[in-house]
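Right, one structure below, let's go through it.
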Amino acid sequence: MAPVKSLTATVHQRLADALTATLPEAPPADPLLRRSDRADFQANGILALAKKTKANPRDLATQVVANVTSADLIKDIEVSGPGFLNITLTDKAIIENLAARTTDPDARLGVPFSTHPGTTVIDYAQPNVAKEMHVGHLRSAVIGDAVAQLLEFTGENVIRRHHIGDWGTQFGMLIQYLDEHPHELDHKANTSDAETTGEEAMSNLDRLYKTARKLFDSDEEFKTRARLRVVDLQAGDPATLATWQKFVDESKIYFFSVFEKLDMEIRDADIVGESGYNDMLDETCRLLEESGVAVHSEGALCVFFDDIKGPEGNPVPLIIRKSDGGYGYAATDLSAIRDRVFNLKANSLIYVVDARQSLHFKMVFETARRAGWLNDEDVKAYQLAFGTVLGKDGKPFKTREGETVRLVDLLDEAVDRASTVVREKAQDLSEAEITERGAQVGIGAVKYADLSTSANRDYKFDLDQMVSLNGDTSVYLQYAYARIQSILRKAGEVRPSAHPELELHEAERALALHVDAFAETVTDSASEYAPHKLAAYLYQLASLFTTFYDKCPVIKPAPPKDIAENRLFLSDVTAKTLHQGMALLGIRTPERL
């Protein structure tokens, strides 16, 4: 069953049909419909069409109006200015359409589901083995998860890939050190607390890494042994691989504990790190060399670009294989592209990666295009670049000692702050419920602060603002949802019911029309990989509900039953929309706060 069309889509179609009826010889024209302060909608597309056909725009607009099929949908349509159309809908059409949306058995709230989906591989949440996750890992995980959920909800076949750092020269150092100090990774094997186990595992690894690094830098004999271990690792030596696997397994315990704290599901099958493409590296280099895309330069295999030069004007190459025979990140990334295009059959590749890596990915994508692995028609690649997390001072977020902030510390503090807010507001919540709500509100606050900002912009990490009940925060949205649930509980025997025959208050119309825009917002947010657009929509929805609640009594003072039922209906459909929208951003909506 197809979802109920939004009013926006229906009006758009009526106008497009009227344009075709007015100028049947002209190619199909876009009415350019948008919301308006002067009416419910304004259509601006007639101006461009008049220019193409050399017609008088006001005369053309008048002819279009005569060809619009209004029925019960359009209450008034007028020509304004040089040829705009101002369109006002009937109250009946607004309520009937929302009523049909809420009875949709698929509960999609009007969001269409693609019948011809493509396959998208999204690369996000890329922690490093044997290293603690820090605040810099937050954005890739949060943004990537939201984009993946948006794409899936609109029908795309989504394959998640977490390209963890689990290969490279540092592992020779770590493996050799652990081989010589075999008890360094011992930890409480019997603990039942997954979170403690994860943090303990990484604490051991972090300590091991620092100790090994210190020895590597000070002991030439150990450095030599460590470098030989890199050769053993790359050659597939069983004992060396077994020790490497210990590092990976210990790190995964930690990764899963952090992602669980972030209220995100990361599946083991989706974790395909650098090591997953190791067997493809030699062939990738051979293919690039044989096709002439890569050339030898000073012993290294490189790809050069006319528009990428260093400060002195010298070409800056993408190094595929180093002069010592080792492989760079580019070889791994290009092998991953080959795997995702030819094995996973992807149409789109999305990389949720720090903006500071933009030059690297620009060169990698261009290399893949030259090799014929990517093209802008059938298979495209896109870096969803994100900015930096800043402190309140506008500088990169650091501890007082100048160190990078650990992600678990940041999340724990957010939950603590949120729990304090919940405890202050809680009236009938148990301590266990306060703890649960504190986690939902705190993690939601961190995610929303990130997602409500355009990905490519930096943003300030301010926990005081994030957990505020006022302003553009997830707490404000969660509170709006919980308030609606409270209203529905207090309504008693009066239940939500649509009454299309009633005349709507201005605040009711504004709220209803904004709810109607949910489908277009989700579709646009998914197609543009822009969860911040959905976040902005949800904030406006909560704000419009607040205005509606202030101006249109729902329970006290009690309005007539039909009006009360209709207002409960508007409240209920608003709650459903808030709940679904927040879920797509990975944020919980508690029933009580």
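Numbers for residues simply follow the sequence, beginning at 1. Since the structure is predicted, the reported quantities are computational estimates derived from the model, not experimental observations.
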Handout entry: Main-chain N/O of Y537 paired with T521 side-chain donor or acceptor, under 3.5 Å
Key = no

Handout entry: Heavy atoms of other groups near E591 CD, more than 12 under 6.0 Å
Key = yes

Completion exercise
Closest non-hydrogen contact found for I484 with A575 is CG2-CB, 3.6 Å

Handout entry: Presence of salt bridge, K533 and D524, under 4.0 angstrom
Key = no

Exercise for the section: Classify the angle between the aromatic ring planes of Y351 and F361 as parallel (below 30°), tilted (30 to 60°) or perpendicular (above 60°). Expected result: tilted

Exercise for the section: Check L578, V422, V441 against Q478 for a side chain to side chain contact (heavy atoms under 4.5 Å, CB included) and give me the one that passes. Expected result: V441

Handout entry: D166 side chain vs E274 backbone, donor-acceptor pair below 3.5 Å
Key = yes

Handout entry: Polar side-chain atom of H514 near backbone of L511 as donor-acceptor pair, under 3.5 Å
Key = no

Handout entry: Verdict with reasoning, F365 to I337, per side chain to side chain contact (heavy atoms under 4.5 Å, CB included)
Key = CA-CA 9 Å; F365 294 162; I337 287 176; 4.2 Å; yes

Handout entry: Backbone of E565 reached by a side-chain donor or acceptor of R495 within 3.5 Å
Key = no

Practice task
Kindly indicate whether a cation-pi arrangement holds for R108 with F518, taking the cut-offs as under 6.0 Å to the six-membered ring centre and within 45° of the axis.
Solution key: no

Practice task
Using a 4.5 Å cut-off on heavy atoms from C-beta on, say whether the side chain of L15 contacts that of L85.
Solution key: yes

Practice task
Report the relative orientation of the aromatic rings in Y549 and F545; use parallel for angles under 30°, tilted for 30 to 60°, perpendicular for over 60°.
Solution key: parallel

Practice task
Answer yes or no: is there a donor N or O on one side and an acceptor on the other, between the side chain of S454 and the main chain of R457, under 3.5 Å?
Solution key: no

Handout entry: CA sep, side-chain torsions, deciding dist, call: R489, S486, side chain to side chain contact (heavy atoms under 4.5 Å, CB included)
Key = CA-CA 5 Å; R489 287 191 297 269; S486 176; 3.7 Å; yes

Problem - Short N-O contact, E283 and R338, less than 4.0 angstrom - result: yes

Handout entry: Any donor-acceptor pair under 3.5 Å from S6 side chain to A519 backbone
Key = no

Handout entry: Side-chain (N375) to main-chain (D378) donor-acceptor, under 3.5 angstrom
Key = yes

Handout entry: Enclosure of Y479 OH (heavy-atom neighbours >12, cutoff 6.0 Å)
Key = no

Practice task
Give a yes or no on whether the backbone of L7 and the side-chain of D516 come within a donor-acceptor separation of less than 3.5 Å.
Solution key: yes

Practice task
Kindly say whether V515 contributes a backbone atom to a donor-acceptor pair with the side chain of R101 at under 3.5 angstrom?
Solution key: yes

Handout entry: Sub-6.0 Å ring centroid separation between H163 and Y329
Key = no

Practice task
Answer yes or no for R34 and F41: cation-pi contact, defined as NZ/CZ to six-membered ring centre under 6.0 Å and angle to ring axis within 45°.
Solution key: no

Practice task
Report yes or no: does Y448 contribute a side-chain atom to a donor-acceptor pair with the main-chain N or O of A535 at less than 3.5 Å?
Solution key: yes

